[in-house]
Amino acid sequence: MPELPEVETTRRGLAPHLQGQRVEAVIVRNRALRWPVPRDFAAKVSGRTVRAVERRGKYLLIDCGTGWIILHLGMSGSLQIVPKSVPAGKHDHVDLVLASGMVARLTDPRRFGAVLWAPDDPLRHPLLARLAPEPLGAQFDAAWLHARTRGRSAAIKTLVMDSHVVVGVGNIYASESLFHAGIHPGLAAGRLSLVRCEKLVFAIRETLAAAIEAGGSSLRNYVGAEGRPGEFQHTYFVYGRQGDLCRLCGTAIKALRHGQRSTFFCPTCQRR
DNA sequence: CGCCAGGCCTGCACGC
DNA sequence: TGCGTGCAGGCCTGGC
């Protein structure tokens, strides 16, 4: 589910409720996430006051002063702020009970998400240490994308989703960005010219920024921290639109598979 | 029943 | 030898 825009939407919704709040208690109902929630997680976090809620790629980072919570929403996760009187449901695995009387509650039916503890700089954690630049940051530019794709024969779609090339772009926004850049998803990445790298970088930034603006996309069960669904899915040009007509040229949208993931594109607007 | 689903790690065989 | 690459598999539940 959540790609960068959904994670950023969650971060923005969460931050005002968490910042400066003391975590009175931590309830772990199910440790069996993507990786087990550390046994001492509750002990590490209880009693700490949250300094900041940050994000790196699709990871949420909660600064507890004495260490950081590293949180990933996986495929089906969401993190919501609710009053602590709200009873926990079947898929509510972790609660941070706040002094304010609210809880930050992690819900994740498929349990592909993660809740980890980093005693120091979370950016040095093995999962984060080798991540590519942020797509909305200055480091991610045409020169970077061009350099990272030289000599690569894999489809550009695959590389756009590779966190060593750029972080945060998942299956939906990869298809959408390539559409906006006019690039065929199956193009061998190494054949992308610098000018087209420029277009793709621009398209990725614009697509993600617009999605954040819309509060992310809601497919199935995604909701932001305040429980509001995102609206960006109404703006899709290609994702999930196989057989529907291209909003720009009227050609039927086609589907492909790259690395077991479905890809959608307009055969007229997108060229190799 | 089988297949699909927004993520991401590991491991394998293969070809250069 | 060591990459890059495309797979399959794993972690899970739920909807069609």
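Chain A is the first sequence line, chain B the second, and so forth, proteins listed ahead of strands; every chain is numbered from 1.
Side chains of A:T207 and A:H180: a donor-acceptor N/O pair is absent below 3.5 angstrom, by distance only.
Using a 4.0 Å cut-off between charged side-chain N and carboxylate O, A:E54 and A:R56 make no salt bridge. Using a cut-off of 4.0 Å between Lys/Arg side-chain N and Asp/Glu carboxylate O, A:E134 and A:R55 are scored as salt-bridged. In summary, A:R29 and A:D95 engage in a salt bridge, as defined by a charged side-chain N under 4.0 Å from a carboxylate O. Comment: A:D108 does not engage A:R111 in a salt bridge, judged by the lack of any side-chain N to carboxylate O separation of less than 4.0 angstrom.
If you measure from atom OH of A:Y173 to atom C1' of B:dG6, you get 9 Å, rounded to the nearest angstrom. One interatomic measurement links the two molecules: CZ of A:F232 to C1' of B:dG6, which rounds to 14 Å at whole-angstrom precision. The interatomic distance linking A:H72 (NE2) with B:dC9 (P) rounds to 8 Å, in whole Å. Between the CG atom of A:L128 and the C1' atom of B:dC9 there is a distance of 14 Å, given to the nearest Å. Rounded to a whole Å, the NE2 atom of A:H164 is 13 Å from the P atom of C:dT5. Distance CG (A:N30) to C1' (C:dT13): 12 Å, rounded to an integer number of Å. With rounding to whole Å, A:H258 atom NE2 is found 15 Å from C:dA8 atom P. When the C1' atom of B:dA5 is taken as reference, atom CD of A:E3 falls 12 Å away, rounded to whole Å.
Within the nucleic acid shown, A:G259 has no heavy atom closer than 4.0 Å to any nucleic acid atom.
For the pair A:R152 and C:dC3, the criterion of a side-chain N or O lying under 4.0 Å from OP1 or OP2 is not met. Distances shown here put a side-chain N or O of A:S153 below 4.0 Å from the OP1 or OP2 atom of C:dT5. Put simply, A:S262 has a side-chain N or O that comes within less than 4.0 Å of OP1 or OP2 on B:dA5. Checking the phosphate oxygens (OP1, OP2) of C:dG14, a side-chain nitrogen or oxygen of A:H91 falls inside 4.0 Å.
Where pairing requires Watson-Crick or G-U contacts shorter than 3.5 Å, the helical stems of DNA chain B with at least three consecutive pairs are B:2-5 with C:13-16, B:7-16 with C:2-11.
In this structure, the ring of A:F232 has its center no less than 6.0 angstrom from the ring center of A:Y239.
How far SG of A:C64 is from CH2 of A:W117: 4.5 Å, rounded to the nearest 0.5 Å. Note that CG of A:L256 is 9.5 Å distant from CD of A:Q242, once rounded to the nearest 0.5 Å.
Of the residues in residues 54-62 of chain A, those lying under 4.0 Å from DNA chain B by heavy-atom distance are A:K58, A:Y59.
Taking atom C1' on both B:dG6 and C:dT5, the two are 24 Å apart, rounded to the nearest angstrom. Only the C1' atoms considered, C:dC11 is 23 Å distant from B:dC1, to the nearest whole Å.
Residue-environment remark: CZ (A:R228) stays at or below the threshold of 12 foreign heavy atoms within 6.0 Å. The environment of A:F202 atom CZ is sparse: at most 12 non-hydrogen atoms of other residues, nucleotides or ligands sit within 6.0 angstrom. Atom CD of A:E213 has 12 or fewer heavy atoms from other residues, nucleotides or ligands within 6.0 Å.
Taking every side-chain heavy atom of A:Y239 into account, B:dG6 is the closest of C:dT5, C:dG14, B:dG6.
Nearest heavy atoms, A:L159 versus A:R152: CD2-NH2, 3.5 Å.
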Are there any protein N/O atoms within less than 3.5 Å of an N/O atom in nucleotides 9-12 of chain C, and if so, which ones and at what distance?
{"residue": "C:dG10", "atom": "N2", "partner": "A:R34", "partner atom": "NH2", "Å": "3.3"}
{"residue": "C:dC12", "atom": "O3'", "partner": "A:R111", "partner atom": "NH2", "Å": "3.0"}
{"residue": "C:dC12", "atom": "O2", "partner": "A:R110", "partner atom": "NE", "Å": "3.1"}

